[in-house]
Amino acid sequence: IGRLEAADSWRDTSAILRDIRSLAEQGVADLCLVVPRLLPLLSPGDEWVQETAANTLGAIGDRRAVEPLCALLSFSPRRLPKHLGPKPNHTVLAHAMVAHDEDNVRHAAAVALGEIRSPQGLSALRASASNENETKRNRKASRVAIARIEEALLQGTETGAGKSGD
């Protein structure tokens, strides 16, 4: 936790988040104390950090992450100013890069919700899966997450059900 708070760049933060995710995947540590420190990283800011935080929270599987992850799924198409014309320029490329980064964040959020397997995420995932303005990749990730949650409900094994950190 100290390393995370001391990180002064997105690269440092992302590297630490990957280390935390690795610990979660190995199951070698109870990471519920880390979750409150990770949730603010989902806030708008650096999309790399948002994406990595979403991946990490999914691996931890704590249901406290469900609501913030659902908020990341909302899609708002970026509109480029009409005066830019058909030729690409730096502004168009910058807009495209931001849209791509936001797409990756939404994808990571959908995958994380599928890993957590909490039924609380179903509504947002269904909205994402049926949104024709969303990318095919993200609609598919949302459908896969829905299937994972529904399967866990049928089996009574949703992973987020017992992990709340309280």
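Quantities reported herein were computed from a predicted structural model and do not represent experimental measurements. For reference, positions follow the sequence shown, starting with 1.
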> Just so I know, are the side chains of Thr13 and Thr52 near enough to count as touching, which here means a heavy-atom distance under 4.5 Å?
no
> So which atom in Pro36 and which in Pro40 form the shortest heavy-atom distance, rounded to 0.1 Å?
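For Pro36 versus Pro40, the nearest heavy atoms are O-CD, 3.1 Å.
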> Calculate, to the nearest 0.5 Å, the distance between atoms CD and CG belonging to Gln120 and Leu125 respectively.
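One finds 12.0 Å between CD of Gln120 and CG of Leu125.
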> For residues Ala112 and Gly58, report the shortest heavy-atom separation together with the two atoms involved.
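What the structure gives for the nearest pair is CB-CA, 3.7 Å.
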> Do Ser14 and Val49 have side chains that get closer than 4.5 Å, going by heavy atoms?
yes
> Can a salt bridge be assigned to the pair Asp12 and Arg3 using a cut-off of 4.0 Å between side-chain N and carboxylate O?
no
> Any carboxylate oxygen within less than 4.0 angstrom of a Lys/Arg side-chain nitrogen, looking at Arg143 and Glu150?
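Looking at Glu150 together with Arg143, the answer is no, because their closest N to O distance does not fall below 4.0 Å.
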> Rounded at 0.5 Å granularity, tell me how far NE2 in His107 sits from CG in Asn104.
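Rounded to the nearest 0.5 Å, the NE2-CG separation comes to 8.0 Å.
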> When clusters are formed by joining ILVMFWY residues with side-chain heavy atoms under 4.5 Å apart, either directly or through shared neighbours, do Val111 and Ile149 land in the same one?
no
> What's the separation between atom CZ in Arg63 and atom CG in Leu113, rounded to the nearest 0.5 Å?
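Arg63 atom CZ to Leu113 atom CG measures 14.5 Å (nearest 0.5 Å).
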> Is Trp48 linked to Leu69 within one hydrophobic cluster, defined over Ile, Leu, Val, Met, Phe, Trp and Tyr using a side-chain heavy-atom separation of less than 4.5 Å?
yes
> Got a donor-acceptor contact below 3.5 angstrom from the Thr135 side chain to the Asn138 backbone?
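Judged by distance alone, yes, a pair lies under 3.5 Å.
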> Who passes salt bridge (Lys or Arg N to Asp or Glu O under 4.0 Å) against Glu67, sequence neighbours left out?
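So Glu67 forms no salt bridge (Lys or Arg N to Asp or Glu O under 4.0 Å) with any residue.
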> Is any side-chain heavy atom of Asp62 closer than 4.5 Å to a side-chain heavy atom of Leu57?
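A side-chain contact under 4.5 Å is absent here.
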> Below 3.5 Å, can you tabulate the donor-acceptor pairs from side chains in residues 20-35 to any protein atom, sequence neighbours excluded?
from	atom 1	to	atom 2	distance (Å)
Arg21	NE	Glu25	OE2	2.7
Arg21	NH1	Asn55	O	2.2
Arg21	NH2	Glu25	OE2	3.0
Arg21	NH2	Glu115	OE2	3.4
Ser22	OG	Gln26	NE2	2.9
Asp30	OD1	Cys32	N	3.3

> With rounding to the nearest 0.5 Å, note down the distance linking CG in Leu39 to CZ in Arg64.
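Atom-to-atom, Leu39:CG and Arg64:CZ are 7.0 Å apart.
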> Checking the side chain of Arg139 only, and the main-chain atoms of Glu134 only, is there a donor and an acceptor separated by less than 3.5 Å?
yes
> If hydrophobic clusters are built by linking Ile, Leu, Val, Met, Phe, Trp and Tyr wherever their side-chain heavy atoms come under 4.5 Å apart, do Leu38 and Trp10 end up in the same one?
yes
> Do the side chain of Thr56 and the main chain of Leu17 share a donor and acceptor less than 3.5 angstrom apart?
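Yes.
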> I want to check something: taking the side chain as every heavy atom from C-beta on, are Leu72 and Arg106 in contact at a cut-off of under 4.5 Å?
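No; the side chains remain at least 4.5 Å from each other.
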> Kindly work out whether a path of hydrophobic side-chain contacts (I/L/V/M/F/W/Y, heavy atoms less than 4.5 Å apart) joins Leu41 to Leu73.
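The answer is yes; both residues are in one hydrophobic cluster.
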> Could you measure the distance from the CD atom of Glu47 to the CD atom of Glu102? Nearest 0.5 Å is fine.
5.5 Å
